[in-house]
Structures are given as C-alpha cells and as structure tokens.
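Counting begins at 1 with the first residue of the sequence.
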Amino acid sequence: MSPVRRCSRTACGRPAVATLTYVYADSTAVLGPLATYAEPHCYDLCSQHSDRLTAPRGWEVVRLAVDTGPARPSGDDLEALANAVREAARPQERPAPPGSRDGDPVEVARRGHLRVLRSPDQ
C-alpha cells in the first residue's frame, strides 16, 4: 500500500491535498486540509479537483485554508522536540523507597539492568 493518499476521483492518480466532507442537515460541503486519517465518509481530492469543486444547487461550499505545499516542522515544533529530548536525557533523582534506613546504600545511576550504588558512609 502506498503511503501517499490518492485523489478519490475515478481515474485520477494525483496525490490528495484536501478532504471533502458533507453536512447533509445544513446542505453544506466542507473542503479543508487533508485529514490525518482516511475516513469512510470523506473524499480526498487532489489540488486540481479541489479547485474545481462545485456543489449541487441549494448547497453551500465552505472552503477552509488548504496548504498545498509540503508540510514542514515549524521552529516551535523543533524546539519542543529538543526540550523533550533534553528532559528525557536528564538524570532523574529517585526518592528513597519507603521503609529504607539511613544506613542503606543509595542508587546513584543505572545502566541497563545494573545499578551503581553509593555507600551511605560517603
């Protein structure tokens, strides 16, 4: 299966850039950005078919902003990702387990299944 979703129109093999849904109760067709997941009651359309879309007489077409360019991460996305990686790499201080005594060794670090313990005398 191809990772790129294709236009739902018959005999059109272009990549989809927009998703068309209907609100039958309001006689409205909504054309918006490509949905995250393919839904059974929605239609994915290429840029050519989304530009030429018309609705039946008496229906209204609502066009939401569609970005036809490739999606690129914003600066905020990259910064959030970098902060999450830094936070995950920061060593965690572990509180003493309940019932531990002052004379028990203290876990300083962990490497896989091995623990580094510090003597309580230090």
Side-chain angles (χ1 to χ4, degrees):
M1 185 169 161
S2 174
V4 176
R5 292 191 351 226
R6 301 287 177 196
C7 184
S8 297
R9 295 290 303 256
T10 306
C12 181
R14 291 185 288 272
V17 296
T19 298
L20 174 66
T21 58
Y22 294 102
V23 182
Y24 290 99
D26 297 333
S27 299
T28 304
V30 180
L31 182 68
L34 188 63
T36 307
Y37 300 102
E39 297 289 334
H41 301 290
C42 297
Y43 301 93
D44 296 335
L45 299 176
C46 64
S47 60
Q48 183 179 4
H49 286 118
S50 63
D51 290 341
R52 297 186 330 192
L53 176 75
T54 60
R57 184 176 296 146
W59 280 59
E60 180 182 359
V61 176
V62 176
R63 294 179 186 268
L64 304 176
V66 176
D67 182 20
T68 57
R72 295 184 181 169
S74 69
D76 292 339
D77 294 339
L78 294 175
E79 186 175 348
L81 179 60
N83 290 338
V85 169
R86 282 189 205 107
E87 183 66 28
R90 184 174 295 141
Q92 300 293 322
E93 292 184 23
R94 296 192 176 125
S100 66
R101 299 174 299 198
D102 289 337
D104 289 345
V106 178
E107 181 175 327
V108 178
R110 187 175 276 248
R111 299 280 181 172
H113 66 283
L114 302 174
R115 298 184 302 160
V116 177
L117 302 176
R118 183 178 66 211
S119 172
D121 301 333
Q122 296 177 346

Which residue pairs satisfy the side chain to side chain donor-acceptor pair (under 3.5 Å) criterion with at least one member in residues 16-32, sequence neighbours excluded? Thr19-Asp44
If you measure from SG on Cys12 to CD on Gln48, what distance do you get to the nearest 0.5 Å? 7.0 Å
Can you find a pair of side-chain heavy atoms, one from Leu53 and one from Leu20, that are under 4.5 Å apart? yes
Write down the atom of Cys7, the atom of His49, and the distance for their closest heavy-atom approach. SG-ND1, 3.5 Å
Which pairs, with at least one residue in residues 48-58 and sequence neighbours excluded, count as a salt bridge (charged side-chain N to carboxylate O under 4.0 Å, His left out)? none
Side-chain donor/acceptor of Arg6 to backbone N/O of Gly13, under 3.5 Å: yes
Compare every heavy atom of Val61 with every heavy atom of Ala55, then report the nearest pair and how far apart it is. CB-CG2, 3.3 Å
Considering residues at least two apart in sequence or located in another chain, which fulfil the side-chain hydrogen bond (donor to acceptor under 3.5 Å, both in side chains) criterion with Arg9? none
Would a 4.5 Å heavy-atom cut-off, applied to side chains only, mark Leu45 and Leu31 as touching? yes
So which pairs with a foot in residues 27-39 pass salt bridge (charged side-chain N to carboxylate O under 4.0 Å, His left out), sequence neighbours left out? none
Name all residues meeting the side-chain hydrogen bond (donor to acceptor under 3.5 Å, both in side chains) criterion together with Glu60; count only those two or more places apart in sequence or in a different chain, and write none if there are none. none
First locate atom CG of Leu34, then atom SG of Cys42, and finally report the distance between them rounded to the nearest 0.5 Å. 10.5 Å
Distance in Å, Arg63 CZ paired with Ser50 OG, rounded so as to fall on 0.5 Å steps: 7.0 Å
Run the ring pair (Phe, Tyr, Trp, His ring centres under 6.0 Å) test against Tyr37 and tell me which residues pass, sequence neighbours left out. none
Of all heavy-atom pairs linking Pro15 and Val4, the shortest is CB-CG1, 3.7 Å
